[in-house]
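Count residues from 1 along the sequence. Because only heavy atoms are used, hydrogens play no part in the values below, and waters and symmetry mates are left out as well, while side chains stay in.
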Amino acid sequence: MRTDIANNKERIVLTRMVFGFILFAILFRYINHSLLSNMQAPVLKYPLIDYTYWLIHFSGVPDIITSNIYLSVLFDISLTLTAIMVFCFPLKRTFAILFTLLYFFYFICYNSYAMHHSHPMAGIFFLSFAFWPKKDATFKIVWEGIRYIVIFIYVDAFVFKLLNGAVFNPTQGMANVKENIGWIMLGTDTPIFSKDFYAFFLRHNMLMQAGYLMVVFLEGIIVLGFFTKKFDKYLFWCPILIHAINYIFVDVCFAEMTIVSIVFLNTSKIPYLVQNLFYYQPNHFFQKFYLKNEKTYL
């Protein structure tokens, strides 16, 4: 039976919102020279990685791609093009699956050669799975599952801080700042914040501690999402505020992770202008493309 594109409006809007964000994230990484073609054929690998990383590296594929400028550029182009194709054809799961696989490989390579687990990338990786299912009903189930994963991530961070006693340390906020922005105080001003900005907060420990406890509170309050969706309109802002506060006070940029806020979004409340921006009927050529490949609709 022919699929009516209009019946998938919610899915199309969410897909284009997510992959529109992803395209900006890829552009951000390109500007910051963080794609595989920018890694300059690295030879060192992060030693504290799990078996998944080692199995992929034992295949030799990461070394082959990153050591060849043409292959690494081709990979970066493929990663970007698949995201563009998902944005243009949100009901074609082939592109979504291909993007997830490419992003997973990029995730492994970047974390290995950058010598650090890049946690912000996890949000995009988990969300991309939501666009794999064939049926809209399955899509909604997977979307709900990812919502609970997002809740767990932040609540787990809250519990960790609670159990290790960091919440009860009156100087924890100050310690975080000293550890992460000490280089700013010893160097020159950053493009956004000056040394005087941080010097003010270093002289007022209570403000630093208040900022830290605010992050802990926002992480903990997300637990409400386990029991009800009644507060989702407020929980939507929690990841955004958490990472904004962390960036200001700890110089940790988790901008890519803010996309997970979308799992708390009530699509029926999206402004009309935004809905029409991310949802539009394809033109005649695209319409024929959809109908010709209707059996692969999600």
Side-chain angles (χ1 to χ4, degrees), residues 18-19 21-86 95-129 131-132 146 149-150 153 156-157 160 176 179-184 186-187 190-192 239 242-243 246-247 250-260:
V18 170
F19 278 86
F21 181 94
I22 287 173
L23 287 170
F24 276 109
I26 293 175
L27 176 62
F28 176 79
R29 286 185 167 270
Y30 171 77
I31 294 174
N32 285 276
H33 309 288
S34 300
L35 296 177
L36 292 192
S37 58
N38 305 127
M39 290 190 171
Q40 302 299 315
V43 294
L44 297 177
K45 299 182 182 69
Y46 188 46
L48 300 179
I49 52 181
D50 57 40
Y51 296 120
T52 303
Y53 283 71
W54 282 121
L55 286 173
I56 293 177
H57 281 293
F58 280 147
S59 71
V61 177
D63 292 333
I64 293 174
I65 293 180
T66 55
S67 62
N68 187 302
I69 185 61
Y70 299 107
L71 290 178
S72 58
V73 169
L74 179 61
F75 177 88
D76 293 341
I77 293 175
S78 299
L79 180 67
T80 306
L81 283 180
T82 52
I84 292 174
M85 294 304 288
V86 177
F95 298 130
I97 293 174
L98 183 58
F99 171 82
T100 302
L101 296 177
L102 289 174
Y103 194 80
F104 173 71
F105 183 81
Y106 171 56
F107 197 155
I108 296 294
C109 290
Y110 181 81
N111 284 350
S112 301
Y113 296 125
M115 308 293 283
H116 176 69
H117 272 278
S118 185
H119 308 302
M121 299 176 70
I124 291 176
F125 179 64
F126 282 125
L127 277 176
S128 67
F129 281 102
F131 308 102
W132 280 34
I146 293 175
I149 290 176
V150 170
I153 289 173
D156 180 62
F160 176 77
N176 290 341
E179 179 180 357
N180 288 277
I181 67 166
W183 65 274
I184 296 178
L186 296 175
T190 67
I192 299 178
I242 288 170
H243 299 307
N246 274 333
Y247 180 66
V250 196
D251 191 41
V252 175
C253 183
F254 270 49
E256 290 169 298
M257 194 66 181
T258 57
I259 186 58
V260 299

Side-chain contact test, heavy atoms from C-beta onward, threshold under 4.5 Å: evaluate it for [X] versus [Y] and give yes or no.
X	Y	result
Asn246	Phe254	no
Pro62	Tyr113	yes
Leu98	Met85	no

Is the backbone of [Y] close enough, under 3.5 Å, to the side chain of [X] for a donor and an acceptor to pair up by distance?
X	Y	answer
Asn68	Ile64	no
Thr100	Ala96	yes
Asp76	Leu35	no

Just verifying a value: how many Å separate [X] [atom1] and [Y] [atom2], rounded to the nearest 0.5 Å?
X	Y	atom1	atom2	value
Leu36	Ile69	CG	CD1	10.0 Å
Phe21	Thr258	CZ	OG1	3.5 Å
Thr82	Ile22	OG1	CD1	9.0 Å
Ile26	Ile124	CD1	CD1	7.5 Å
Leu79	Ile84	CG	CD1	10.0 Å
Thr52	His57	OG1	NE2	11.0 Å

Intermediate values then yes/no, side-chain contact (heavy atoms from CB on, under 4.5 Å), Phe104 and Ile56:
CA-CA 11 Å; Phe104 173 71; Ile56 293 177; 3.5 Å; yes
Reference residue Phe131; test ring-ring contact (aromatic ring centres under 6.0 Å, His included); the match among Phe99, Phe126, Phe19
Phe19
Which is it for Phe105 and Val61 under the side-chain contact (heavy atoms from CB on, under 4.5 Å) test, yes or no, and what are the steps along the way?
CA-CA 10 Å; Phe105 183 81; Val61 177; 3.7 Å; yes
Partner residues of Ile146 under the side-chain contact (heavy atoms from CB on, under 4.5 Å) criterion, sequence neighbours left out:
Leu127, Ala130, Val142, Val150, Val263
Considering residues at least two apart in sequence or located in another chain, which fulfil the side-chain contact (heavy atoms from CB on, under 4.5 Å) criterion with Tyr110?
Arg29, Ser34, Met39, Tyr106, Ala114, Ser118, Met121
Over all atoms of both residues, closest heavy-atom pair of Ala25 and Glu256:
CB-OE2, 3.9 Å
Return the minimal non-hydrogen interatomic distance between Val73 and Ser37, and the atom names on each side.
CG2-CB, 3.7 Å
Should we say atom CZ of Phe125 is surrounded by more than 12 heavy atoms from elsewhere, each under 6.0 Å from it?
yes
